[in-house]
Amino acid sequence: MDHYSELLGRCAQLPPLRTAVVHPVQHTVFEAVREAMEQHLIAPVLIGPAAKIRAALAQAGERESDYEIVDTEHSHAAAAKAAEMAASGVVGAVMKGSLHSGELLAAVVAPEGGLGTERRISHAFMMLTPDYPRPFLITDAAVNIAPDLTGKADIVRNAVGLWRVLWGPALPRVAILAAVETVNPKMQATLDAAALCKMADRGQIAQAVLDGPLAFDNAVSTRAAQEKGIVSPVAGQADILVVPDIEAGNMLAKQLIFLGGADAAGIVLGARVPVILTSRADSVRARLLSCALAVLMDEGRRRGTLK
């Protein structure tokens with residue numbers, strides 16, 4: 001199945017998602033914005049210093065009349081305004097423009113912004129690669145640096161919610177990754193993996209099947225799991241890969257993208273609206289996929305399948 005076309009096709013049945021594009025003051029931002037507009041994925045609202053936005057539009061060859069602009073003094077104010085508009089329902093998603101991810105996410109989690117939930121925010125990459133028979137998620141490779149057990153539990157819950165919006169109502173198979181597939185008291189990742197699995201057994205993490213610790217090969221290769229004698233409903237067929245820290249996740253995701261030819265869509269979860277983090281290094285397909293995830297998450301919230 002062409003999962004890329006299938007996901008964009010599902011979005012074609014939905015209205016464009018009104019999206020705050022935060023501080024889009026470089027012309028390169030409008031590559032992604034224009035593509036998403038033409039695919040009817042988003043209806044952008046540009047937030048930031050109006051003069052700089054107009055200059056960037058002109059440099060990109062875009063018509064100012066095609067866009068709604070909300071003037072703010074600087075990037076920090078733009079991020080705060082986007083959070084305010086999202087919290088009040090004026091926009092349904094937030095997209096990173098020409099500012100650091102940390103600055104944008106600080107506004108998203110700020111108590112006064114109104115976008116926070118009971119969960120920690122986290123990032124997920126949706127990966128499409130010819131070397132694996134199904135789409136899968138990698139989390140967290142961009143937001144939480146070294147999450148503790150409580151943080152990892154929220155990371156899992158967030159990813160499960162996204163997966164079920166995309167491919168539910170089946171339960172996703174979640175592999176908690178470590179360097180080895182046995183519990184080792186000297187390796188915190190294996191202890192956390194075991195604890196997360198027990199939390200799932202006790203209903204503290206719901207709507208998913210967890211196993212771990214699993215090494216990466218055991219998680220994605222049935223043959224590797226069999227050779228190690230691992231009997232598991234997750235091993236060899238994981239839908240979600242939960243990494244121990246940001247360094248492991250970032251390296252894994254970028255290896256798949258730049259050496260494995262994978263398409264990757266990135267989205268921030270755990271806030272009241274999806275947050276689209278695009279990079280100048282992203283392909284057009286990756287940017288469109290990221291917007292598609294936001295559209296489908298918004299639809300999931302409207303239908304009540306995502307909190």
Side-chain angles (χ1 to χ4, degrees), residues 15-38 41-117 119-123 142-145 246 265-282 286-288 290-291 293-295 297-298 301:
L17 179 60
R18 191 166 163 82
T19 301
V21 184
V22 183
H23 200 62
V25 297
Q26 295 178 359
H27 69 95
T28 51
V29 172
F30 293 101
E31 264 183 66
V33 172
R34 171 54 66 183
E35 290 283 350
M37 286 174 63
E38 291 179 349
L41 293 169
I42 68 170
V45 180
L46 311 181
I47 305 176
K52 291 183 177 180
I53 292 174
R54 293 188 181 103
L57 285 168
Q59 191 176 358
E62 296 285 334
R63 292 180 304 185
E64 182 184 331
S65 59
D66 289 346
Y67 296 90
E68 178 181 347
I69 298 174
V70 176
D71 186 27
T72 66
E73 186 177 358
H74 42 58
S75 60
H76 184 75
K81 183 64 176 178
E84 174 192 320
M85 293 173 67
S88 62
V90 176
V91 297
V94 174
M95 177 187 284
K96 175 187 171 185
S98 313
L99 77 170
H100 291 296
S101 298
E103 185 177 8
L104 175 58
L105 295 178
V108 170
V109 301
E112 64 273 16
L115 288 184
T117 68
R119 290 186 190 167
R120 179 189 297 259
I121 66 167
S122 61
H123 182 275
V143 172
N144 291 284
I145 296 173
I246 196 172
I267 199 85
V268 173
L269 312 167
R272 286 177 55 195
V273 300
V275 180
I276 304 164
L277 293 185
T278 56
S279 164
R280 285 174 292 179
D282 288 344
R287 293 169 179 177
L288 293 180
S290 297
C291 292
L293 295 189
V295 171
M297 284 180 65
D298 180 71
R301 280 205 173 88

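These numbers come from a predicted model, not from an experiment. What's counted below: heavy atoms across the whole structure, side chains too, no hydrogens, waters or symmetry copies.
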Run the side chain to side chain donor-acceptor pair (under 3.5 Å) test against Glu62 and tell me which residues pass, sequence neighbours left out. Arg34, Tyr67

Results of salt bridge (charged side-chain N to carboxylate O under 4.0 Å, His left out) for Glu64 - residues two or more places apart only: Arg54

I'd like to check Leu57 versus Ile69 (side-chain heavy atoms, cut-off strictly below 4.5 Å). Are they in contact? yes

After noting the C-alpha distance and the side-chain angles of Arg18 and Glu68, does the key distance pass the salt bridge (Lys or Arg N to Asp or Glu O under 4.0 Å) rule? CA-CA 11 Å; Arg18 191 166 163 82; Glu68 178 181 347; 3.1 Å; yes

Check this for me: does any side-chain nitrogen of one of Glu103 and Lys96 sit under 4.0 Å from a carboxylate oxygen of the other? no

Side-chain contact test, heavy atoms from C-beta onward, threshold under 4.5 Å: evaluate it for Val275 versus Ile267 and give yes or no. no

Below 4.5 Å, heavy atoms only, C-beta onward: do Val94 and Met85 meet side chain to side chain? no

Step by step, work out the side-chain contact (heavy atoms from CB on, under 4.5 Å) result for Arg272 and Thr117. CA-CA 7 Å; Arg272 286 177 55 195; Thr117 68; 3.9 Å; yes

By salt bridge (charged side-chain N to carboxylate O under 4.0 Å, His left out), which residues pair with Arg287, not counting sequence neighbours? Glu31

Looking only at heavy atoms, which two atoms of Ala60 and Phe30 are closest? And how far apart? CB-CB, 4.1 Å

Any idea which heavy atoms bring Gly113 and Ala87 closest together, and the distance? O-CB, 3.3 Å

Going by the rule side-chain contact (heavy atoms from CB on, under 4.5 Å), which residues pair with Val109 if we only count those two or more places apart in sequence or in a different chain? Ile121

If you look at every heavy atom in Gly92 and Val273, which pair is closest and at what distance? O-CB, 3.5 Å

Who are the side-chain contact (heavy atoms from CB on, under 4.5 Å) partners of Asp298, not counting sequence neighbours? Leu17, Arg302

If every non-hydrogen atom of Arg301 is compared with every non-hydrogen atom of Pro274, which pair is closest and at what distance? NH1-CD, 3.7 Å

Using distance only, find each side-chain donor-acceptor pair of residues 45-52 under 3.5 Å and give its atom names and separation, not counting sequence neighbours.
none

Flag side-chain contact, heavy atom, 4.5 Å: Thr19 against Val91: no

pair Ile276-Ser290: side-chain heavy atoms closer than 4.5 Å: yes

